[in-house]
Visitor: 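Encoded as structure tokens, here's the structure I'll be asking about.
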Amino acid sequence: MDESRALRRAAWAGAASVVLLVLAVALGALVGVDAPGVSDAVILGRLDDGARRVAAGVGLPILGVGVALLFWFAVGLRRMLDRMSGGDPLAHAIVPAAALLGGLMITGVSLDVSSAITAMSDAFTPDADIARVLGTAGGLVALTGLTGGAVLVAVTTRIAQQARALPRWAVWVSYAVVVLCLSGYWSAGMASVAFGLWLIGAVIGMLRAARRTPPAPVATA
């Protein structure tokens, strides 16, 4: 496969991962509880709702597929940055950063919906306080995973800045996203939104890079 096609497919994988990750988190939020002001009755109602339980169960495999596509995108991004920088070792941090982000996101969402999944068994009696603890822990773990997102943004921005591939305003916006990602839980969800928007921008940038990449030469006998 030529380089242009590989970058294009990785970019579309990144776009699909954004959609699937948002969908998975939204499905998990139907039964997840991390807000301290939610009453016991509301929490128990969520845990006893069969439709919400099914949504949580469907959300987990969707999340897994989204993270797998994110890895595909990260590999393509690393290849693009390698070519852009002439082999800067810093680009090799891209895939581990994506692994940190995806791994902690899966762990956090799993903790958040674990009470609802366990409640499918008659041997478990739902408890509102346990659901609160697991929901809060899941939120903290998932948002801590944005540390990997911060590395992803910082490395990409640094290499693109050195190659003069980004305007100055885009560089500063990207570093602002890094700060938000590092703030994690304290940014009240703004970090997740900012990282998602940055990821969409990175997908667009990779598609443009794919169009500028010359096709592989045709082998002749």
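For clarity, every value in this text was computed on a predicted model and none was experimentally measured.
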Visitor: Please list, one pair per line, the donor and acceptor atoms closer than 3.5 Å that link side chains of residues 139-159 to other protein atoms, with sequence neighbours excluded.
Guide:
from: T144; atom 1: OG1; to: L140; atom 2: O; distance (Å): 2.6
from: T147; atom 1: OG1; to: T144; atom 2: O; distance (Å): 2.9
from: T156; atom 1: OG1; to: L152; atom 2: O; distance (Å): 2.8
from: T157; atom 1: OG1; to: V153; atom 2: O; distance (Å): 2.7

Visitor: Which pair of heavy atoms, one from A163 and one from M84, lies closest together, and at what distance?
Guide: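 Nearest heavy atoms, A163 then M84: CB-CG, 3.5 Å.
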Visitor: A170: what forms a side chain to side chain contact (heavy atoms under 4.5 Å, CB included) with it, not counting sequence neighbours?
Guide: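 For A170, the residues satisfying side chain to side chain contact (heavy atoms under 4.5 Å, CB included) (neighbours in sequence not counted) are L166, P167.
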Visitor: Linking Ile, Leu, Val, Met, Phe, Trp and Tyr by side-chain heavy atoms under 4.5 Å, what else ends up with V75?
Guide: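 So far as hydrophobic clustering goes, V75 is joined with V95.
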Visitor: Decide yes or no for S85 and L90: does some side-chain heavy atom of the first lie under 4.5 Å from some side-chain heavy atom of the second?
Guide: no
Visitor: Just to verify, what does W12 make a side chain to side chain contact (heavy atoms under 4.5 Å, CB included) with, not counting sequence neighbours?
Guide: R8, A15, L207
Visitor: Side-chain contact test, heavy atoms from C-beta onward, threshold under 4.5 Å: evaluate it for L81 versus D88 and give yes or no.
Guide: no
Visitor: Which ILVMFWY residues can you reach from V179 by hopping between side chains whose heavy atoms are under 4.5 Å apart?
Guide: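 Via sub-4.5 Å side-chain contacts, V179 links to none.
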Visitor: Taking salt bridge (charged side-chain N to carboxylate O under 4.0 Å, His left out) as the test, write out the residues that go with D82, two or more places apart.
Guide: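 Applying salt bridge (charged side-chain N to carboxylate O under 4.0 Å, His left out) to D82 gives R78.
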Visitor: The criterion is side chain to side chain contact (heavy atoms under 4.5 Å, CB included); which residues satisfy it with L21, sequence neighbours excluded?
Guide: L63, V67, M105
Visitor: Sequence neighbours excluded, which residues qualify as side chain to side chain contact (heavy atoms under 4.5 Å, CB included) partners of L20?
Guide: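 So L20 forms a side chain to side chain contact (heavy atoms under 4.5 Å, CB included) with I62, V65, L69.
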Visitor: Output the rest of the hydrophobic cluster of W169: all Ile, Leu, Val, Met, Phe, Trp and Tyr residues reachable through side-chain heavy-atom contacts under 4.5 Å, sorted by chain and number.
Guide: V173
Visitor: If the plane angle is over 60° it's perpendicular, under 30° parallel, otherwise tilted; pick one for W172 and Y175.
Guide: perpendicular
